[in-house]
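Quick note on labels: first sequence line is chain A, next is B, and so on, each numbered from 1. The shown structure was predicted, so the numbers you read here are calculated from the model rather than taken from an experiment.
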There are 2 protein chains.
Amino acid sequence: MSSNSIPSVDVHAEAAARARQQQLTKPPGSLGRLEEIACWFAARLRNPVPEMPRTEIFVFAADHGVAARGVSAFPQAVTVQMLGNFARGGAAINVLASLEDCHIEVVDVGVASEESPPPGVRNERVRAGTRDLAAGEAMTKEELNTALGVGGRCARQAVQRGAQLLIAGDMGIANTTAAACLICAFSGATPEGVVGRGTGVDDAGLARKREVVRTALARARCEAPQALPVPTQEAMRILGELGGLEIAAMAGFYLESARCGVPVLLDGFISAAAALAAVAIDPAVRSWMLPSHRSAETGHGVALQALGLKPLVDLELRLGEGTGAAVTLPIVRAALALHRKMATFSEAGISGAVDKSE
Amino acid sequence: MSSNSIPSVDVHAEAAARARQQQLTKPPGSLGRLEEIACWFAARLRNPVPEMPRTEIFVFAADHGVAARGVSAFPQAVTVQMLGNFARGGAAINVLASLEDCHIEVVDVGVASEESPPPGVRNERVRAGTRDLAAGEAMTKEELNTALGVGGRCARQAVQRGAQLLIAGDMGIANTTAAACLICAFSGATPEGVVGRGTGVDDAGLARKREVVRTALARARCEAPQALPVPTQEAMRILGELGGLEIAAMAGFYLESARCGVPVLLDGFISAAAALAAVAIDPAVRSWMLPSHRSAETGHGVALQALGLKPLVDLELRLGEGTGAAVTLPIVRAALALHRKMATFSEAGISGAVDKSE
């Protein structure tokens with residue numbers, strides 16, 4: 001990771017964008033969140049009337065030792081099988097990236113396989129899956145730093161080739177267990193309110209998963225509510241104890257994107273866990289994050305609340321891969337096109353609102 | 001209006017679409033409402049794996065005699081001024097239609113002007129605005145039938161030139177007052193829960209608007225809760241007493257689209273009032289309606305509940321023109337592309353879910 005600090009946003013461009021919104025041919029405020037989005041991007045693209053930002057999507061994949069405890073409805077082998085599906089363009093995120101004409105890069109940060117990832121998948125494997133987080137630390141300090149660095153390098157390279165908005169997605173059987181641990185640890189919420197069915201475990205699986213999360217939180221001395229902000233070293237410790245390699249890479253990706261002054265569009269439950277970790281490491285990263293959707297996974301709402309972010313849509317998605325972020329890109333495009341292209345009242349010769357004192 | 005009846009949807013295509021969704025490379029159900037949308041269109045486009053439907057947008061504009069009672073934040077002249085803005089491509093709906101590459105047609109059903117509508121606006125003016133609905137019937141039976149027919153003809157012509165999905169938007173200063181009357185009359189809700197600020201009236205304007213709606217409902221003998229379904233003749237009477245020319249055109253548009261076997265994407269508050277009137281006239285129209293968004297206007301939620309429809313998004317819009325529907329078109333496109341293009345588990349060689357009995 002670079003040691004640069006995170007820049008602040010351009011409040012002058014934002015104020016100019018707000019002033020423009022008042023002049024467009026519509027009742028003030030009537031475009032609701034689309035007005036907010038336009039002003040949000042004005043501040044971050046440092047332009048009062050920004051174009052649609054060039055967007056890149058990274059899917060970070062890794063395995064989790066805790067999968068052996070039966071916390072997922074799918075076998076661990078699905079992670080490596082899905083790498084092949086991503087490489088061939090058959091996964092949901094491939095379809096959405098293609099619709100939006102976004103560059104997509106799939107990164108193996110730690111899939112449990114003895115073979116190299118398939119052609120088209122970037123090999124950044126730190127180790128073949130984390131250790132079981134219920135039994136001991138998921139990653140060593142060194143492994144954590146390497147995973148953070150993978151994500152950071154991906155973000156920096158994307159920015160260097162012109163990306164102006166970044167999306168991180170995830171793939172990793174059992175990663176909702178690691179994410180639930182992190183969300184509990186960073187928000188102070190209990191496993192009951194955070195642990196959900198992930199890819200679809202049954203009632204027995206859900207009970208098992210809750211117990212695993214409780215055990216892991218106690219083991220890592222995280223069962224007492226933590227309130228953000230926590231000291232950076234404690235944030236790093238928690239992420240290493242309870243995280244995943246892809247989650248750490250996503251946290252590093254968010255931090256480096258913000259250091260480069262480039263905003264990120266958050267995805268779902270795993271993304272929120274990575275975002276909480278990133279905010280715990282450096283609270284300044286938060287102002288570069290735009291939430292996309294609230295997922296159907298229990299506890300995503302808890303995580304968004306801990307982040308203080310209000311999602312744009314709720315389409316009851318729970319797939320990950322970056323799909324929730326990608327599906328909201330056209331809403332961003334619409335918001336910016338309206339902001340740029342609508343006529344103003346004076347251009348259109350239209351009367352303003354009636355004087356309220358009448 | 002044609003006297004054809006409304007066809008039923010294709011349940012076989014829908015079942016085939018549901019079966020396909022179970023085979024795509026994602027946990028079953030994990031694409032949430034995007035899965036529902038794909039199956040909904042399969043049933044209505046009569047194709048288990050449908051392409052994105054060719055979409056047309058109609059904006060129906062008219063004035064309202066009740067505007068003279070000070071129920072809007074903008075003067076009545078804005079309706080005719082906005083016709084010019086639509087014709088020049090400067091309004092919000094023009095920007096969104098252009099993004100989606102949709103044909104857009106603006107129809108003057110009854111703007112209060114002595115001049116012809118500007119070039120590019122279709123002249124179907126029934127009369128120069130409705131009468132004041134608080135003092136007497138807004139439209140005569142003949143005017144109502146003419147307005148319904150305008151909407152019906154627009155829908156039929158669009159279908160004849162290949163449209164497969166239709167959107168109706170509205171423009172008309174004071175039309176949230178007429179829409180609030182209709183929503184109260186057809187849902188049985190009280191003005192307190194339905195009347196909102198529209199384009200942005202202040203507290204005094206809001207109180208005035210509520211009083212106007214109460215007066216109009218009593219005058220038209222609609223103050224007692226009506227429960228859908230009501231007899232068709234009573235539905236027509238209510239629409240004539242309390243509606244608007246653009247709202248009647250929208251109701252006729254929805255009815256004729258359904259008779260042609262073509263679905264509609266609903267917009268916001270005014271659209272919901274027209275949809276309730278259409279459902280009251282013929283309940284079979286409902287299964288051809290897809291709600292797009294819930295608007296910020298008080299009472300849109302009430303109307304959607306009365307329709308039994310759950311909106312896709314809530315972006316706090318309250319502009320009308322068809323903007324809420326247009327902004328959700330990319331979500332429909334994404335849902336259909338995912339349904340069509342994702343690999344199946346067998347194509348990708350991916351393991352299914354673990355046997356739940358394990």
Side-chain angles (χ1 to χ4, degrees), chain A residues 24-34 70 72-75 77-78 81-82 84-85 88-92 94-96 98-99 198-200 202 205 295-296 312-319 323 326-327 329-331 333-334 337-338 341-343 347-354 356 358, chain B residues 24-34 70 72-75 77-78 81-82 84-85 88-92 94-96 98-99 198-200 202 205 295-296 312-319 323 326-327 329-331 333-334 337-338 341-343 347-354 356 358:
Chain A
L24 300 178
T25 45
K26 57 176 175 57
S30 63
L31 282 173
R33 303 212 58 195
L34 301 182
S72 175
F74 285 82
V78 166
Q81 290 166 350
M82 279 297 293
N85 198 29
R88 287 187 301 271
N94 298 106
V95 175
L96 296 175
S98 155
L99 271 183
T199 51
D202 58 14
S295 87
L312 286 175
V313 299
D314 181 350
L315 294 167
E316 300 171 21
L317 307 181
R318 50 179 175 82
L319 177 55
T323 51
V327 89
L329 278 176
I331 296 177
R333 178 173 293 109
L338 289 161
K341 296 185 182 170
M342 280 179 71
E347 283 164 3
I350 292 178
S351 320
V354 175
K356 292 298 168 73
E358 281 186 322
Chain B
L24 300 178
T25 45
K26 57 179 175 55
S30 64
L31 283 173
R33 302 212 58 195
L34 301 181
S72 176
F74 285 83
V78 166
Q81 290 166 350
M82 279 298 291
N85 199 28
R88 286 187 300 272
N94 298 105
V95 175
L96 296 174
S98 155
L99 270 183
T199 50
D202 57 16
S295 86
L312 286 174
V313 299
D314 181 350
L315 294 166
E316 300 170 21
L317 307 181
R318 49 179 176 82
L319 177 54
T323 51
V327 88
L329 278 176
I331 296 177
R333 176 173 294 110
L338 288 161
K341 296 184 181 171
M342 279 179 71
E347 283 164 1
I350 291 178
S351 319
V354 174
K356 294 295 169 73
E358 278 186 328

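- The shortest non-hydrogen separation linking B:Thr25 to A:Gly90 is OG1-O, 3.6 Å.
- Heavy-atom distances place the backbone of B:Ala91, and not its side chain, under 4.5 Å from chain A.
- Among B:Arg88, B:Lys341, B:Arg33, the residue with the largest count of heavy-atom pairs under 4.5 Å with chain A is B:Arg33.
- Taking each heavy atom of A:Ser351 and B:Gln81 in turn, the nearest pair found is N-OE1, 2.9 Å.
- Shortest non-hydrogen contact noted between A:Leu99 and B:Ala337 is CD1-CB, 3.9 Å.
- Counting heavy-atom pairs closer than 4.5 Å to chain A, the top residue among B:Leu34, B:Leu24, B:Thr199, B:Asp314 is B:Thr199.
- Closest approach of B:Pro27 and A:Arg318 over heavy atoms only: CB-NH1, 4.3 Å.
- Put simply, of A:Ser30, A:Ala343, A:Ser98, A:Gly32, the one with the most heavy-atom pairs under 4.5 Å next to chain B is A:Ser30.
- For the side chain to side chain contact (heavy atoms under 4.5 Å, CB included) with A:Met342, the lone residue among B:Val95, B:Leu96, B:Asn85 that qualifies is B:Val95.
- Listed options B:Leu317, B:Ile331, B:Val327, B:Leu315 were ranked by heavy-atom pairs under 4.5 angstrom with chain A; first place goes to B:Leu315.
- Listed options A:Gly29, A:Gly205, A:Pro330, A:Ala77 were ranked by heavy-atom pairs under 4.5 angstrom with chain B; first place goes to A:Gly29.
- In this structure, the separation between CG on A:Leu31 and CG on B:Leu319 is 5.0 Å, given to the nearest 0.5 Å.
- Within the model, atoms CE of B:Met82 and NZ of A:Lys26 stand 11.0 Å from one another, a figure rounded to the nearest 0.5 Å.
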